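Okay, so here's the structure we're looking at.
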Amino acid sequence: MTKLFLKPNRIYSIVLSKHKYSTAPKSVATVRIGDKDYPSDEYTNVTPKIISYLGRNLHLQRNNPLSIVRQRIVNYFYSSFTHRGNPTFSVYDNLSPIVTTKQNFDDLLIPADHPSRAKSDCYYVNKDMLLRAHMTAHQSELLKSGLDNFLMIGDVYRRDEIDSTHFPIFHQVDAVRSQRKDELFHDKPDLEIFEPIFDPKNPHGFINSINDPMKQSCHTLEATKLMEMQLKNHLLGLVKVLFGKDIKHRWVDEYFPFTHPSWELEIYYENKWMEILGCGIVRNEILANAGSTNTIAYAFGLGLERLAMALYKIPDIRLMWSTDSGFLSQFENKDINAKITYKPVSVFPQCVNDISFWLPPNYTIDTFVSNDFYDLVRDVGGDIIEQVRLKDKFVHPKSKKHSLCYSIIYRHLERTLTQVEVNEIHKQIEKAVVDNFNVTIR
Ligand code: DAH
């Protein structure tokens, strides 16, 4: 993989159509994404398949592991940084993935000939627009809008090899934390963010060099080191919240066009070092171009899939896209900090049969113990019971009788069940429920 430096519902589709305009006899090819047409050109390489994933927003879907990790990360930043009781960071998790090459590259000082711009690595809509290759693509515009501390969370798109850990779409959390002199050095007012030779009011009259591995030439060493220390502490704090305080880690020097100095954080996981994030001190040109002339900032970007796969032991990245309830139910209604270990779901199809019954007069829908029912279902059905879920509660308006409906989801681990054999077991379960709980099947 090239190191780039390293609305719900499917509303997107692609139509590669030729529009004919009566005034201009020339036909114009376009790409349709959502309800918008974009002119296509020799750069266009987004495919209908890729476009069909836009809007899935896995990072916002209830019970998706990516969404759980997102919530844990956001909670960490919300609770670690507050200002007069309010969270310091604002969160942007619904920004459109269609961005300009200026946003994705130029604003971040990525050179015109940088390999990360290659058609072979990106999904271009046309020569000026692409599906964002990283969440850092929004850094500049959010800085320009006046924000200092923010998280950007969303889906990113890269053409890549296909294997159990790579998928052309994945999810990132990217962030910026900026500080003014009075914030960074509140207890040492004689220290400065900028070197005396640099005039922050006139940033363009200075060539900000990154030749010194320790710092950008405009910054003082004190400011850079203090920011580096905070950056590393904050990110290590996050990793410890996620993986436990004993997690082994190391910092590796890196190069990114948009930060200097830059690092990667690796954690030791399943007998090897795994890179989980990139970070660094934001290049002052980016801040100055966005109108932030009196701050120093750190930034980082991390991948949600890697974290979720490691945390929950999910063996294949494609599972993140699963809509199979056998997968999603494993992450359902749990405390987001609970330890969850994914259990492989059978590849054979599910059979779903419902069971509804009237409770005996001495029971109500609130006093009937569902867990007793679940145990009985499992006793009778055995291992082919994958899930049992309460589907409906009902009190008859006239008779005042109470009734419950459960869905029982059957699945065999080694073979496809036939509906006939499932019906047979379902009948046995109905009989056992009648015998044990004195209910009446509806
Ligand atoms: N955008 C980088 C990537 O996708 C990761 C990254 C590195 C983000 C450093 C940052 C940063 O915000 O400061 O590989």
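Here, residue 1 is the first one in the sequence, and each next residue gets the next number. Indexing begins at 1, ligand by ligand and atom by atom, following the structure's order. Just so it is clear, the structure is predicted and the values come from calculations on it, not from any experiment.
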Establish, yes or no, whether a centroid distance under 6.0 Å links the rings of [X] and [Y].
| X | Y | result |
| --- | --- | --- |
| Y123 | Y53 | no |
| H249 | Y268 | no |
| F256 | H134 | no |

May I ask you to decide if L231's main-chain N or O and R177's side chain share a donor-acceptor pair within less than 3.5 Å? no
Check [X] against ligand 1 and report side chain, backbone, both or neither, counting heavy atoms closer than 4.0 Å.
| X | value |
| --- | --- |
| R283 | neither |
| F258 | side chain |
| C279 | backbone |

Between H134 and ligand 1, does any nitrogen or oxygen pair lie at a separation below 3.5 Å? yes
Check this for me, if you would: do E192 and K181 make a salt bridge, where the nitrogen-to-carboxylate-oxygen distance has to be below 4.0 angstrom? yes
Which ligand 1 atoms, with their elements, are less than 4.0 angstrom from a heavy-atom of T259? 13 (O)
Just which atoms of ligand 1 are under 4.0 Å from any heavy atom in G278? 6 (C), 7 (C), 9 (C), 11 (C)
Does ligand 1 have an atom under 4.0 Å from some heavy atom of Q172? yes
Identified side-chain hydrogen bond (donor to acceptor under 3.5 Å, both in side chains) partner of D155 from the options H171, R132, H59, R56: R132
